[in-house]
Amino acid sequence: MRVVLGVSGGIAAYKACSVLRLLTEAGHQVSVVPTAAALRFVGAPTWEALSGRPVSDQVWDDVPGVPHVRLGQQADLVLVVPATADLLARASHGIADDLLTNTLLTARCPVVLAPAMHTEMWTHPATVANVATLRERGTVVVEPASGRLTGADTGPGRLPEPEDIVRAALAAVATRTGQPQGRPGLLTGRHVVVTAGGTREPLDPVRFLGNRSSGKQGYAVAVAAAQRGARVSLLSCNVEIPPPPGCDVTAVETARELEAAVHRVLAEDAVDVVVMTAAVADFRPARYAGTKIKKTHDAVDDGAPVVELVRNPDILAGLVERRGGARTPYLVGFAAETGDEDGDVLAHARAKLERKGCDLLVANEVGVDTTFGKDTSTVHLLRPGSGEVVTVGPTGKDRIAEALWDVVGPALAVEAPGPVGDQP
Ligand code: CTP
């Protein structure tokens, strides 16, 4: 694939070097087109060495080759990393005052812009309007990540990781052509619901019954789906991770709120996959004390209350029961398991897959020091009717998410024909 990698003048220009490497290592022919300001951050020799091609920022070099028209016309993808507020403004107004903005005007292939700037610039009404205009015209403007910015400040505006940018760009090409350019399991046109984190069941205004789920795995599943082109509704239970780019996040607290949120999304829209990553409390206090439960100061009676619990709905089981409609979602369960005298993790997982009746069960072994809150994990992927177990890890939760979609994506194409493949 012929790629034009535009680079505009922000400090994140150095991260475009990694994007360039990822693209060239994947076999793409990349021409780098920096702006003059980008060359103040990273010089032309770096781009030329990494791309193996000459680099220019202006239209006055190689005039007989008409690069200001040729580059855009011949490209299969134009990707700009980082896209500064100034570049977004020039692009949205059709200004063509250097080689990159000329290329943007002549490109008829997918154009993907990965913005990076300070939060104030990203949220300024001018930038918001420019981004809206570009998106209306079909340009893909990747949501910036939230996190540490150049100075001491943090917030939305951070350049997403190079791997994420490349995936988003390849997904944009695949959407246009209908041809997967990236990993198997592309989710273009699919609507995915991911639940993440752990529910909290309030006992009184200051206390709750909760669990140790951090939400990292669910967020990784959501991000990976978005990068493969899915529309993602992320239902987030008490997670302290910034909202991931490209996901529609709804925060809920309790199991019953989560159940209602899942059913709301299902009622509003066709959903292709529900991934129940969330650790849902099986029980909640039977009664909620409207005021703080106090201990008594009686030396004889220690006054410790007995907390009565009642069952919460099993959300996944409820979804399995509702099966049979025209567009039944593919259901993925997660199971945090420990081995015990009744069997090891896999034995418990097989029994749970049978009991839950979902289409895929992702089982991981948990203990005090493993999985919860960590960035890595080991999981086993089990499907009904198949003795085959795919074991992934120990590895990063992002790779586990990719492995999950590598299984679910192709299964969707076979089991639930939807927009994928129907597109021109
Ligand atoms: N789950 C759910 N609703 C519940 C409990 C769990 O939807 N009330 C979902 C979880 O999100 C997960 C799967 O069911 O995808 C398995 O969760 P787990 O707690 O391991 O299952 P349980 O059936 O509660 O089994 P156990 O008896 O081992 O707790």
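All ligand and atom numbering here is 1-based and tracks the order in the structure.
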Original post:
Looking at Leu234, Val221, Leu331, Thr195, which one forms a side-chain contact (heavy atoms from CB on, under 4.5 Å) with Val275?
Top reply: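 The side-chain contact (heavy atoms from CB on, under 4.5 Å) with Val275 is passed solely by Val221 among Leu234, Val221, Leu331, Thr195.
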Which atoms from ligand 1 have a heavy atom of [X] less than 4.0 Å away?
{"X": "Lys352", "value": "18 (P), 20 (O), 21 (O), 22 (P), 25 (O), 26 (P), 28 (O)"}
{"X": "Asp282", "value": "4 (C), 5 (C), 8 (N), 24 (O), 29 (O)"}
{"X": "Ala335", "value": "20 (O)"}
{"X": "Ala278", "value": "10 (C), 11 (O)"}
{"X": "Gly333", "value": "15 (O)"}

I'd like to know whether ligand 1 has [X] as a neighbour, heavy-atom separation below 4.0 Å.
{"X": "Glu259", "result": "no"}
{"X": "His348", "result": "no"}
{"X": "Ala255", "result": "no"}
{"X": "Pro313", "result": "yes"}

Subject >> Over 12 non-hydrogen atoms of neighbours within 6.0 angstrom of CD in Glu48 >> reply: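 It does: Glu48 CD has more than 12 such atoms within range.
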Original post:
Are more than 12 heavy atoms from other residues, nucleotides or ligands located less than 6.0 Å from atom OH of Tyr14?
Top reply: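 For Tyr14, atom OH is not crowded (no more than 12 foreign heavy atoms under 6.0 Å).
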Looking only at protein heavy atoms, which one is nearest to [atom], and what is the separation?
{"atom": "atom 17 (O) of ligand 1", "value": "Phe334 O, 3.5 Å"}
{"atom": "atom 7 (O) of ligand 1", "value": "Leu316 N, 2.8 Å"}
{"atom": "atom 3 (N) of ligand 1", "value": "Ile315 N, 3.0 Å"}

Original post:
Going by distance only, is there an N or O of Ala279 that falls short of 3.5 Å from an N or O of ligand 1?
Top reply: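 Between Ala279 and ligand 1 (N or O atoms, distance only) the closest approach is not under 3.5 Å.
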Original post:
In terms of side-chain heavy atoms, does His348 have a donor or acceptor partner in Asp340 at a distance below 3.5 Å?
Top reply: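 Yes, a side-chain donor-acceptor pair sits under 3.5 Å.
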Original post:
If you measure only the distance, is there a donor-acceptor pair under 3.5 Å linking the side chains of Tyr219 and Ser236?
Top reply: yes
Subject >> Within reach of ligand 1, part of Asn312 (heavy-atom separation under 4.0 Å) >> reply: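 No part of Asn312 comes within reach of ligand 1.
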Hey, what do you get for [atom1] ([X]) to [atom2] ([Y]), rounding to the nearest 0.5 Å?
{"X": "Leu71", "Y": "Leu104", "atom1": "CG", "atom2": "CG", "result": "11.0 Å"}
{"X": "Leu404", "Y": "Lys397", "atom1": "CG", "atom2": "NZ", "result": "14.0 Å"}
{"X": "Cys358", "Y": "Arg323", "atom1": "SG", "atom2": "CZ", "result": "8.0 Å"}

Original post:
Who pairs with Asp398 by side-chain contact (heavy atoms from CB on, under 4.5 Å), at least two apart in sequence or on another chain?
Top reply: none
Original post:
Any side-chain heavy atom of His191 sitting closer than 4.5 Å to one from Val271?
Top reply: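 Result yes, sub-4.5 Å side-chain heavy-atom pair found.
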**OP:** Check each of Arg355, Lys356, Met276 against atom 6 (C) of ligand 1 and report the one with the nearest heavy atom.
**Re:**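 Going through Arg355, Lys356, Met276 one by one, Lys356 has the nearest heavy atom to atom 6 (C) of ligand 1.
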